[in-house]
> 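This is the structure, below, for whatever I ask next.
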Amino acid sequence: MRTVDLIQKKRDGEVLSTEEIQFLIQGYCNGEIPDYQMSAFAMAVFFNGMTAKETADLTLAMAASGDQADLTSIPGIKVDKHSTGGVGDTTTLILGPLVAAAGVPVAKMSGRGLGHTGGTIDKLEAISGYKVELTKEQFLTQVQRIGVAVIGQSGNMTPADKKLYGLRDVTATVESIPLIASSIMSKKIASGADAIVLDVKTGSGAFMKSLEGSIELAKAMVEIGEQVGRETVAVITNMDEPLGLAIGNALEVREAIETLRGEGPDDLTELCLILGAHMIRLGGKAATYEEAREKIDQLLHSRIALEKLKELIDAQGGDSHVADDPSLLPNAEFQVEVLAEEEGTVSHIDAEELGVTAMLLGAGRATKDDRIDLAVGMVLRKKVGDHVAVNEPLAVLHMNKNDKNFMREMISRTRSSFTISHGEVARPPLVYAVVTKFGVQMI
C-alpha cells in the first residue's frame with residue numbers, strides 16, 4: 001500500500017477501505033507518513049468529503065491510536081456529554097452530579113481550555129484541593145462508589161487526532177465536516193462511553209457560525225455513533241450570546257453551584273435539564289425523553305444533585321464547603337461595573353468578543369503555556385431582550401490588574417460587545433434542533 005495512491009484515490013472522489021484508512025493513521029502516527037502527504041490527504045477530504053463508513057473508520061482509527069478507557073467494570077450504561085465549545089459553558093459541572101443522581105454513571109474525562117476561558121478541569125481547580133488526576137483504579141472505583149468522577153484527559157489519548165488537528169490548523173483544512181466530526185467522536189469513543197449526548201453550539205460565539213453547518217456536523221457525528229454502536233443524540237443550541245451570566249473559572253463554578261440549588265440563570269438551567277434528560281434516557285433510567293425530563297426536574301429542585309456535587313468534590317480531595325459557601329472560591333480584587341451609555345433594549349451580544357475580553361483579563365489562555373487567573377472574568381447583568389437604562393450595569397468585570405489604562409480598555413471592549421436598540425427585541429431561541437438516528441427535529 002502506498003500513501004500517494006490513497007491520496008490520489010481520495011482526490012478523485014473514490015472511497016477508501018477500512019484498511020487503507022488505518023494504514024494512513026498508523027503511518028502518520030509512527031512517523032512513516034510525512035506532514036506534506038497527510039496535508040494533501042486532508043485537502044482531498046476537504047474538497048471531496050467522506051462517506052459515513054469512511055468517517056466512522058477514520059474515527060475508530062484515531063481512537064485506537066493511543067490509550068482507550070475500559071469502563072466495563074462500571075455497572076450500567078455510561079453516557080458521555082460533549083460540547084463543541086462556546087462562552088460561559090458550565091454544563092459539565094452541573095450535568096455530572098445531576099445525571100449521576102439519577103443513577104446514570106458519569107465517568108468524565110475533560111480537558112483544559114485554550115482560548116476564552118479555562119476548560120472544565122481548569123474550572124474544577126478553582127475548588128481548593130480538588131485533584132484532577134486519579135489513577136485508573138481510583139477513577140473506576142470512584143464511579144462505582146458514588147456514580148461520578150471528573151478528571152483530566154490522558155496525555156496519550158487520541159494522539160492521531162492531536163497530530164492531525166495541528167496539521168489542519170496550518171493547512172486551511174479545519175472546516176471539514178468529516179474531519180471535525182471524527183476529531184470530536186474519536187475522543188468520546190476513546191473515553192469509553194456507551195452512548196453520547198452532543199451539545200452542538202451555533203452562532204457568533206461558536207466554532208460553527210451557521211445553523212446549517214451545525215446541523216450538518218451534528219448529523220455526521222450521530223451517523224458515526226450509529227456506525228460504531230454508540231447511540232448518539234445531538235442538540236443544536238444557541239451561542240449568539242453567552243450561556244448563563246458568568247464568564248471565568250471560579251465565577252462559572254459559583255454559577256454551577258447556584259444552578260444546582262435551583263437558583264441559576266434560566267437559559268443555563270433549561271439547557272442542563274434538556275441535555276440531562278437525553279442522557280438519562282440513553283442511560284436506560286427512563287423510557288422516554290418526557291419521563292427523563294420529569295425525573296431530572298425533580299432532582300434539581302430537591303437539591304439531591306447538589307449533595308452529589310459535594311460527594312464528587314469530597315471524593316477528589318476538594319473542599320466541599322464551597323457548595324454551601326461559594327465565597328470560598330477565588331475572588332478577584334476589583335469589581336468594575338460596565339455602564340450603559342444609552343437607553344434601549346439589548347438586541348445583540350457579541351459572545352466571541354466577550355470571550356476574548358475574559359481571556360485578556362486572565363481567565364483564558366492565548367497559548368497552551370499561559371497561566372490562568374482563576375478568579376477573574378465577568379458576570380453579565382443584561383442579556384438579549386432585556387431593557388437597559390442609562391448608567392445601568394451591562395456587566396461587572398472581576399479583575400486583579402490595577403492599571404487604569406487596562407481597566408478603561410476592558411470596559412470599552414465589554415461595552416462595545418452590547419448592541420442596544422429602540423423598541424422590543426425578541427429573546428433568541430435556546431435550542432434550534434435535536435438530531436437523532438431518526439433524523440432532524442426542528443424546535
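All of these numbers come straight from a predicted model, not from anything done at the bench. Throughout, numbering of the chain's residues begins at 1 and tracks the sequence.
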> Show every salt bridge (charged side-chain N to carboxylate O under 4.0 Å, His left out) that has at least one partner inside residues 207-230, sequence neighbours left out.
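Residue pairs with at least one partner in residues 207-230: K209-E352.
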
> Enumerate donor-acceptor pairs with a distance under 3.5 Å from any side-chain N or O in residues 425-440 to protein atoms, sequence neighbours excluded.
residue : atom : partner : partner atom : Å
R427    : NH1  : V384    : O            : 3.0
R427    : NH1  : D386    : OD1          : 3.0
R427    : NH2  : D386    : OD1          : 2.5
T436    : OG1  : F438    : N            : 3.1

> Side chains of E252 and T90: donor-acceptor distance under 3.5 Å anywhere?
yes

> Under the salt bridge (charged side-chain N to carboxylate O under 4.0 Å, His left out) test, which residues partner K401, sequence neighbours left out?
none

> Got more than 12 heavy atoms from elsewhere within 6.0 Å of CD, E294?
no

> With sequence neighbours left out, write down each residue that passes salt bridge (charged side-chain N to carboxylate O under 4.0 Å, His left out) with E342, or none if nothing qualifies.
none

> According to side-chain contact (heavy atoms from CB on, under 4.5 Å), who are the partners of E341, at least two apart in sequence or on a separate chain?
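E341: side-chain contact (heavy atoms from CB on, under 4.5 Å) contacts with R415.
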
> Just by distance, with hydrogens left out, do D161 and S186 show a side-chain donor and acceptor under 3.5 Å apart?
no

> Measure from NZ or CZ of K382 to the centre of the six-membered ring of F418 and say whether it is under 6.0 Å with the direction within 45° of the ring axis.
no

> List in chain and number order the residues that pass side-chain contact (heavy atoms from CB on, under 4.5 Å) with D12, two or more places apart in sequence or in another chain; answer none if no residue qualifies.
Q8, E14

> Can you name the residues that form a side-chain hydrogen bond (donor to acceptor under 3.5 Å, both in side chains) with H387, not counting sequence neighbours?
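side-chain hydrogen bond (donor to acceptor under 3.5 Å, both in side chains) check on H387 returns E343.
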
> Could you work out, with salt bridge (charged side-chain N to carboxylate O under 4.0 Å, His left out) as the rule, every residue matching D297, not counting sequence neighbours?
R293

> Cut-off 3.5 Å, side chains only: do S182 and T59 have a donor facing an acceptor?
no

> Are there more than 12 heavy atoms of other residues, nucleotides or ligands under 6.0 Å from atom NZ of K285?
no

> Please list, chain by chain and in numerical order, all residues satisfying ring pair (Phe, Tyr, Trp, His ring centres under 6.0 Å) with Y130, sequence neighbours excluded.
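Result, ring pair (Phe, Tyr, Trp, His ring centres under 6.0 Å) vs Y130: none returned.
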
> Which residues satisfy the side-chain contact (heavy atoms from CB on, under 4.5 Å) test with A149, sequence neighbours excluded?
F139, Q142, V143, Q316

> Could I get the full list of side-chain hydrogen bond (donor to acceptor under 3.5 Å, both in side chains) partners for D373, not counting sequence neighbours?
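Applying side-chain hydrogen bond (donor to acceptor under 3.5 Å, both in side chains) to D373 gives N400.
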
> Checking D267 now: which residues fulfil salt bridge (charged side-chain N to carboxylate O under 4.0 Å, His left out) with it, not counting sequence neighbours?
K383

